[in-house]
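Start at 1 with the first residue, then count along the sequence.
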Amino acid sequence: MKDTKISIKFEKDLIDKIKLYAANNEMDQSKVVRLAVKKFLNESPVEIKRSARKAN
């Protein structure tokens, strides 16, 4: 699967935490964010709105 770039904004304190985690775990910042998003999506139930159901 081909990677796609996106642009997102984070508060400075969150960026600092991402940088620290990345440095402590020998990974780049993008990987930290990808892992966090995957974990969130797998562990957090997502409610599908009715309007989104109609589009599928």
**Audit row: Val33, Leu35, side-chain contact (heavy atoms from CB on, under 4.5 Å) steps and yes/no** = CA-CA 5 Å; Val33 174; Leu35 290 172; over 6 Å; no

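Applying the salt bridge (Lys or Arg N to Asp or Glu O under 4.0 Å) rule to Glu43 yields the partners Lys39; only residues at least two apart in sequence or on another chain are considered. Taking the side chain to side chain contact (heavy atoms under 4.5 Å, CB included) definition, one finds that Asp28 meets it with Ser30, Lys31, Arg34, sequence neighbours left out.
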Report all side-chain donor-acceptor pairs from residues 10-22 shorter than 3.5 Å, counting only partners two or more places apart or in another chain.
| unit_1 | atom_1 | unit_2 | atom_2 | d |
| --- | --- | --- | --- | --- |
| Lys12 | NZ | Asp16 | OD1 | 3.2 |
| Lys12 | NZ | Asp16 | OD2 | 2.9 |

